[in-house]
Colleague: 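Can you keep this structure in mind? I'll have questions shortly.
Remember, it's 1-based here, ligands and their atoms both numbered in the order they're listed.
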Amino acid sequence: MPPLAHLAWPFFGEEHRQFGPALADWANKEVGRHIDHANVDQSCRALVRALGDAGWLKAVVPKAYGGLTEKLDVRTICAAREILSWHDSLADFAFAMQGLGTASISLFGSDEIKAKYLPPVRDGRHIAAFALSEPEAGSDVSALATTATKDGPSHMRIDGLKTWISNGGIADHYVVFARTGEAPGAKGLSCFIVDADTPGLAVAGRIEIIAPHPLATLRFTGCRVPLANRLGGAGEGFKVAMATLDIFRSTVAAAALGMARRAFDEMIERAATRNLFGAPLADLQLTQVALADSAIDIDAAALLIYRAAWEKDSGAARITRQASMAKAFAPEMAQRVIDRAVQIFGGNGVRVGVKVEALYREIRALRIYEGATEVQKMIVARELLKAREATRRQAAE
Ligand code: COS
């Protein structure tokens, strides 16, 4: 079972202290039954269904649409990702995508749109996806080139290519960002929901990665979408994307935290039970350094993550700097911890089928997706410079 002692920290409320152990208990019994890493599409469908049936997807939908809390509770989503990723990164993926693929709807959708799209995602009957990245626009969102142009009085026509789309090919709807041209750059983007069966939307190719999950490139050719499917105003797409990422970046960090905790649990068990030179590996000071560094890393990440989540849940309009700090730190620290675990396992650490070997492959992408570490650091620095400038201006007035 994943360690949950941190739920006693003051960042959390009684509801989190009940939610965590209940999910951990469910995951312990259920997650493994639905996973076959050789068939990720089937596994993700089964996981989404199981998570929906058990009610866990209520955590990614607001209360008015059958969810758990009035508005999305970042601490609950982080705790869920931490617990699920401790068990298996595919379980975390299935859960997280239902959230990432609907957060823009929860935050910016009209009542009709929310009533239509959120309940089936909450119940695990529909699979959600978020389509932002393009071949020439990953980190630089304002450079995206997919277009949405007016097509009659009540429709838009979407043309372009989206890539690295998680759940691409198995999703029932995509939240798609496109250039509508109200202004150059970031101010000329809008966001639309596109149903997967819309004519003109096709999977242009699947993408295989070192730790497979459903991932594809999508081609939009004259895809007609009702104007009513726009999330936020015309030209507000960048804001929609950033508000969504403000929430989900902390949760990616939480997924990395869960993976690091699992690696640590494997590592300390191995260190305590494997004998070397006539004594347990854990008696060697270099092993102790690895254990101590990992424990410090894990606690530091948890503090950054739940500070960001707590601030958002406490009403902060933006947690851009805090979320980026957590996202910059946690996947890097998890990579370090997992690498130490592999080292302590020796040859067995790289043996296919051993947990730390899987974690070693699975953690790598988290340092890149939803904003690479370098981009997060750029965001942190910009926010700090902005704050300095604001203080300087205030002092000058
Ligand atoms: N919340 C709300 N508004 C935000 C915001 C946030 N988190 N971040 C920026 N904005 C606003 C800015 O305040 C600015 O508005 P004003 O001009 O009114 O001040 C506007 O949006 C444009 O911001 P900025 O000038 O910073 O835009 P850039 O094009 O320079 O954005 C970053 C740069 C790096 C922040 C952005 O492109 C980004 O987050 N990139 C990473 C994207 C990513 O995660 N990609 C992975 C794929 S998603 S799975």
Colleague: In plain terms, say whether Lys377 and Glu332 are close enough for a salt bridge, that is, a side-chain N and a carboxylate O under 4.0 Å apart.
Modeller: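 No.
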Colleague: Any salt bridge linking Asp265 with Arg261? Criterion: basic side-chain nitrogen under 4.0 Å from a carboxylate oxygen.
Modeller: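 No, Asp265 and Arg261 are not salt-bridged.
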Colleague: Does atom CD of Gln343 have more than 12 heavy-atom neighbours from other groups under 6.0 Å away?
Modeller: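 Result for CD/Gln343: open.
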Colleague: Heavy atoms under 4.0 Å from ligand 1: which residues qualify?
Modeller: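 Shell around ligand 1 (4.0 Å, heavy atoms): Leu132, Ser133, Gly138, Ser139, Val141, Ser142, Lys187, Phe238, Met242, Leu245, Asp246, Arg249, Arg318, Thr320, Glu370, Gly371, Val375, Met378, Ile379, Arg382.
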Colleague: Assess whether a salt bridge exists between Glu357 and Arg361, defined as any Lys/Arg side-chain N lying under 4.0 Å from an Asp/Glu carboxylate O.
Modeller: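 So Glu357 pairs with Arg361 through a salt bridge.
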Colleague: Is Lys116 salt-bridged to Glu112, cutoff N-O under 4.0 Å?
Modeller: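 Here Lys116 does not pair with Glu112 in a salt bridge, since their nearest N and O are not under 4.0 Å apart.
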Colleague: Cationic tip of Arg351 within the cone over Tyr360's six-membered ring, i.e. under 6.0 Å and within 45° of the normal?
Modeller: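 No, a cation-pi geometry is absent between Arg351 and Tyr360.
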